[in-house]
2 protein chains.
Amino acid sequence: MPFHAPVEDFRFILEHVIGFSDVAATACHAEMTSDVTDAILTEAARMCDDILAPLNRAGDLSGARLENGVVRTSPGYAEGYRAIASGGWVGMAADPEHGGMGLPMALATCVNEMMGGACLALQLNPLMTQAEIEALEHHASPDLQALYLPKLISGEWCGTMNLTEPQAGSDVGALRTRAEPDGEGTYRITGQKIYITWADNDFSDNVAHMVLARLPDGAAGTKGISLFLVPKLIPDAGGRPGEANSLRVVSLEHKLGIHGSPTAVMEYDGAKGWLVGEPHAGMAAMFTMMNTARLGVGSQAVGVAEAATQAALAYAMDRKQGRAGGSGAIVEHADVRAMLARMRAETFAARAITLACAKAIDLGREGRAAETARAALLTPIAKTFGTETGINVADLGIQVHGGMGFIEETGAAQFLRDARITAIYEGTNGIQAMDLVGRKMMDGGEAAFRLFDEIEAGAEAAREMVPDLAEPVWQAAEQMREATEWLVAREVSARFAGAMPYLRAFARLLGAHYHLQAARAGNGKRKRLAAFYIQRMLPELSAHLAALRAGEGCVMALGAEDLTP
Amino acid sequence: MPFHAPVEDFRFILEHVIGFSDVAATACHAEMTSDVTDAILTEAARMCDDILAPLNRAGDLSGARLENGVVRTSPGYAEGYRAIASGGWVGMAADPEHGGMGLPMALATCVNEMMGGACLALQLNPLMTQAEIEALEHHASPDLQALYLPKLISGEWCGTMNLTEPQAGSDVGALRTRAEPDGEGTYRITGQKIYITWADNDFSDNVAHMVLARLPDGAAGTKGISLFLVPKLIPDAGGRPGEANSLRVVSLEHKLGIHGSPTAVMEYDGAKGWLVGEPHAGMAAMFTMMNTARLGVGSQAVGVAEAATQAALAYAMDRKQGRAGGSGAIVEHADVRAMLARMRAETFAARAITLACAKAIDLGREGRAAETARAALLTPIAKTFGTETGINVADLGIQVHGGMGFIEETGAAQFLRDARITAIYEGTNGIQAMDLVGRKMMDGGEAAFRLFDEIEAGAEAAREMVPDLAEPVWQAAEQMREATEWLVAREVSARFAGAMPYLRAFARLLGAHYHLQAARAGNGKRKRLAAFYIQRMLPELSAHLAALRAGEGCVMALGAEDLTP
């Protein structure tokens with residue numbers, strides 16, 4: 001099943017839905033004319049369609065392996081990676097000072113999404129490196145930057161994130177990995193890390209690990225954690241990879257999906273490391289990486305949703321079945337059509353949310369505090385809704401395929417298996433929801449209320465053209481406003497039981513808003529899709545808010561004995 | 001992770017929720033005292049916990065293989081099957097005249113559920129045989145019955161259902177397999193069948209295939225289809241398996257899950273077959289099999305939901321994480337608790353629905369037409385809601401496990417991979433929903449309205465004890481009554497776009513009804529679980545009904561070009 005990167009949808013959303021022109025109007029991105037963005041999207045799409053997508057199934061069938069301590073990657077992945085690196089896509093958002101393209105996040109997010117849709121397991125590799133590049137740009141010393149950034153941006157070297165330890169999953173503060181000063185200005189890192197994505201490969205010249213560890217004088221908990229750069233091969237004075245560092249890949253996990261991406265247990269045994277940023281300030285640096293990576297994970301999952309939707313539509317249009325009307329294909333069945341419509345409408349909504357989040361990051365970097373606050377608000381939603389969309393759309397894709405969906409050869413099942421991890425890594429979706437109702441509401445809901453104002457203004461503006469669609473969106477914004485007032489009036493700890501329903505309701509509103517703006521700006525196609533979303537899917541918002549308002553009592557009252565049959 | 005068959009929940013639901021005493025009050029099942037049902041449940045549970053559950057992972061890792069035309073089953077499956085057969089569980093619902101236990105369906109459904117929860121891939125084997133036994137009891141000649149039923153009921157021989165062909169998926173009427181009279185009172189069957197569950201094995205003495213085929217004078221479509229019994233080995237006059245028939249397993253599918261269950265392409269090349277029932281009346285006989293199998297599939301998926309819930313709870317209580325309060329385990333996190341609560345509440349609801357459906361089958365067999373109509377109404381709901389529960393609960397189970405959920409070793413992912421097929425086979429869930437709003441509403445909604453009357457009466461009776469829970473259930477029944485009036489006033493073809501939302505809303509109401517009755521009859525545990533379901537989950541009913549009322553226009557207006565990015 002061929003994959004076609006949805007260039008036209010990216011163009012439409014950038015231009016008509018999220019207002020990318022605001023980004024192009026900034027001094028930093030003045031070169032981003034529509035001709036330039038078109039050329040970038042088209043070039044990236046060609047690589048995704050022709051080079052990356054054909055690798056997807058091979059990576060599933062022949063996953064990464066560990067042979068005598070060496071990671072062997074899937075067939076064709078080395079060539080695929082070289083295409084990404086030589087196209088400049090690893091460092092596309094990085095500072096041109098060190099060789100990056102300096103693209104806005106909104107555009108980089110489009111490219112990451114399409115690479116994720118084409119081959120999620122391989123795209124994870126540059127996504128990790130991108131996060132490391134950003135952390136180094138913000139926190140590393142000029143010397144470290146000069147040595148590492150050009151290599152990472154060009155893709156000659158790859159990056160990883162080492163947070164999790166066996167005894168500490170989402171609770172990073174419990175980590176035990178130690179960093180001892182070695183008297184040479186560097187440190188000796190010792191400890192075990194798990195779930196290390198792309199911990200090694202056989203196609204890059206070096207791997208630069210970002211490792212969280214505790215200095216001897218580091219306090220307990222997250223406040224005593226520092227960040228270190230620990231290369232697989234220690235660069236010599238000229239930056240050439242030299243002596244092997246004291247670290248190794250212990251084992252690779254046997255996973256439900258993304259078989260092409262090696263997920264490793266890493267052992268650091270007095271490995272030489274360089275401090276990134278200030279001592280004990282590792283969490284702040286790590287959060288720089290995580291926030292970008294969270295948006296990246298949301299958008300890669302939207303890519304899987306796109307690929308699953310394309311595959312299901314092609315199958316439904318091709319698969320003949322006697323009793324169906326019209327073409328005789330199963331797409332004529334109302335139930336199949338409704339599943340495909342949901343897949344497409346949800347993919348559009350999730351895509352618009354991730355791109356709106358990326359745009360807010362871009363504008364925030366111009367020093368606009370309100371945009372930074374919006375990016376912070378939207379990041380957990382983009383991650384969670386994007387990944388739930390990837391999973392739910394892939395699941396619907398299996399159902400559209402009927403019996404063939406359960407047979408691995410069609411690839412429909414792989415989309416689900418691959419997408420399933422996205423709701424877990426880079427902070428589980430539950431963690432995202434807690435972040436949304438906790439930290440992101442420390443402004444008393446101000447960023448949220450400002451967004452609701454805009455959504456209501458957008459609905460007002462759409463009333464003349466699509467009154468039947470504008471009214472429910474306006475009403476939904478009012479519901480969310482009331483729910484947010486209800487939420488922020490509560491203690492943070494009392495918000496958590498309803499965190500996920502609140503996040504899902506928020507995403508439903510945002511999806512409806514972007515669909516409405518698409519209907520207002522677009523043709524009949526955009527109106528029909530918006531009508532489907534607003535009439536059939538937006539009503540779910542009320543159900544989520546009812547779950548929120550049920551309160552924490554009805555959840556926490558259930559003890560272990562109540563949950564036992 | 002050990003599995004414990006939920007004997008206590010079965011007992012409670014039978015006694016206090018669905019009124020199993022009505023079945024025990026019939027002449028046919030007068031022996032079903034609570035001591036007897038307890039003994040049966042306990043005995044079956046022991047086998048499930050001790051013998052079947054330990055086979056589940058081995059079957060996933062070492063699936064069935066085809067070696068030189070012979071199916072080799074997974075390690076331990078032969079012993080597991082022998083335990084099922086020797087316990088009498090294959091023929092537990094069959095007529096004692098041929099060696100069956102004659103258990104009511106309500107009890108057989110409990111046992112099937114627990115076997116499915118312990119080892120879905122293996123339990124599928126007796127489920128197929130049970131369906132065949134029922135079809136033979138209703139439609140076969142006395143000679144065929146005398147020859148085959150004792151062997152199938154004892155488990156010496158296994159049964160299969162052969163409906164699907166490559167060009168005809170859910171559209172059985174398009175089948176091409178031919179049956180030619182051979183002048184000896186038997187027929188020669190020629191054709192290819194696909195997706196044949198447990199088409200062969202290496203532990204039973206014979207396999208008796210039920211095959212749909214068309215006689216030379218058979219009309220086109222479903223009206224010209226006849227049913228044949230086609231044994232792998234042709235029995236001699238004494239009923240001993242003899243000469244090999246002209247049929248073979250061509251290949252086994254590479255599937256997402258249930259690796260232990262061989263799913264075959266079967267080739268019949270002039271194979272000798274015996275007509276079951278009247279010529280051209282094969283669909284009626286097949287529907288006898290399918291209805292039982294549909295309830296069976298719903299309940300096996302509930303079994304997977306039970307197993308996934310137990311595993312997730314055990315993990316959440318064991319997994320320590322610093323920031324969690326109380327025990328320090330992740331079960332203290334509100335979001336994790338909410339996921340576990342949803343898993344448990346949903347599993348209870350789906351279980352009660354399948355058992356209520358089974359009870360209606362039992363009473364219908366006593367000649368009560370209203371109960372037969374209720375069984376017909378509940379079957380597509382039990383199948384669809386049971387299987388969606390299996391899938392959704394298994395998916396939540398992965399999320400509760402966090403990163404460990406994506407690692408195959410924990411088994412959390414296997415529950416999802418295994419359960420996923422249940423929404424597809426025995427008629428996709430989309431087919432079930434069409435059946436519900438089409439054929440099952442040909443009575444103008446009478447069976448549904450009678451059920452709503454009972455639910456409202458139940459809510460009235462619960463008002464005194466649990467007023468806060470009774471009122472929303474009563475209101476939900478009113479909503480469903482109005483929605484059903486809306487539905488039956490429409491042409492059947494106009495109902496299909498909303499068929500799935502209608503079915504899901506119906507299931508939400510039924511779940512709330514059974515939870516309410518449990519709260520009324522039970523202790524604090526039952527009340528707390530009912531409160532969670534009614535306050536947090538029942539509100540989804542309104543969202544489903546909004547989708548129903550959006551009508552078919554907003555679905556069918558979306559053409560292929562609208563579904564393309």
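Only heavy atoms go into these numbers, but all of them, side chains included; no hydrogens, no water, no symmetry mates. All chains are named by letter (A, B, ...) in the order of the sequence lines, taking the proteins before the strands, and each is independently numbered beginning at 1. Worth saying up front: this structure is predicted, and the values here are computed from it rather than measured.
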Which atoms of [X] are under 4.5 Å from chain B, going by heavy atoms: the side chain, the backbone, both sets, or neither?
{"X": "A/A338", "answer": "both"}
{"X": "A/M537", "answer": "neither"}
{"X": "A/L538", "answer": "neither"}
{"X": "A/Q414", "answer": "neither"}

Go through the atoms of [X] and report whether side chain, backbone, both or neither lie under 4.5 Å from a heavy atom of chain A.
{"X": "B/R417", "value": "both"}
{"X": "B/L313", "value": "side chain"}
{"X": "B/M343", "value": "neither"}
{"X": "B/I398", "value": "both"}
{"X": "B/A499", "value": "neither"}
{"X": "B/M556", "value": "both"}

In terms of heavy-atom pairs under 4.5 Å, which option from [options] contacts chain B the most?
{"options": "A/Q535, A/M317, A/Q399", "answer": "A/Q399"}
{"options": "A/A547, A/S542, A/P565", "answer": "A/P565"}
{"options": "A/D9, A/T347, A/I391, A/I421", "answer": "A/I421"}

Top contributor to chain A interface from [options] [non-hydrogen pairs under 4.5 Å]:
{"options": "B/E408, B/R342, B/Q310", "answer": "B/E408"}
{"options": "B/S493, B/G221, B/P539, B/A316", "answer": "B/P539"}
{"options": "B/L529, B/L416, B/I258, B/V555", "answer": "B/V555"}
{"options": "B/C554, B/A557, B/G430, B/A560", "answer": "B/C554"}
{"options": "B/A423, B/G524, B/A531", "answer": "B/A423"}
{"options": "B/P6, B/A433, B/G257", "answer": "B/G257"}

Could you grab the distance from atom [atom1] of [X] to atom [atom2] of [Y], nearest 0.5 Å is fine?
{"X": "B/M404", "Y": "A/I194", "atom1": "CE", "atom2": "CD1", "value": "7.5 Å"}
{"X": "A/E540", "Y": "B/E540", "atom1": "CD", "atom2": "CD", "value": "8.5 Å"}
{"X": "B/Y195", "Y": "A/F406", "atom1": "OH", "atom2": "CZ", "value": "11.0 Å"}
{"X": "B/H333", "Y": "A/I431", "atom1": "NE2", "atom2": "CD1", "value": "6.5 Å"}

Starting from the C-alpha separation in whole Å, work towards a yes-or-no answer on side chain to side chain contact (heavy atoms under 4.5 Å, CB included) for B/F496 and A/D335. CA-CA 6 Å; B/F496 291 150; A/D335 179 61; over 6 Å; no
In sequence, state the C-alpha distance, the side-chain angles, and the governing distance for B/L563 and A/R337, and then conclude on side chain to side chain contact (heavy atoms under 4.5 Å, CB included). CA-CA 9 Å; B/L563 301 172; A/R337 191 82 64 101; 4.2 Å; yes
Return yes if some donor-acceptor pair links the side-chain N/O of [X] with the main-chain N/O of [Y] below 3.5 Å, else return no.
{"X": "B/K525", "Y": "A/T564", "value": "yes"}
{"X": "A/R536", "Y": "B/A550", "value": "no"}
{"X": "A/R420", "Y": "B/D395", "value": "yes"}

Yes or no on side chain to side chain contact (heavy atoms under 4.5 Å, CB included) for A/I407 and B/H254, after CA distance, side-chain angles and deciding distance? CA-CA 6 Å; A/I407 308 295; B/H254 176 221; 5.6 Å; no
Can you name the nearest heavy-atom pair linking B/G403 to A/I424, along with the distance?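 It is N-CG2, 3.4 Å.
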Would you mind telling me which of A/K527, A/R528, A/R344 makes a salt bridge (Lys or Arg N to Asp or Glu O under 4.0 Å) with B/D562?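 Of the listed options, the one satisfying the test is A/R528.
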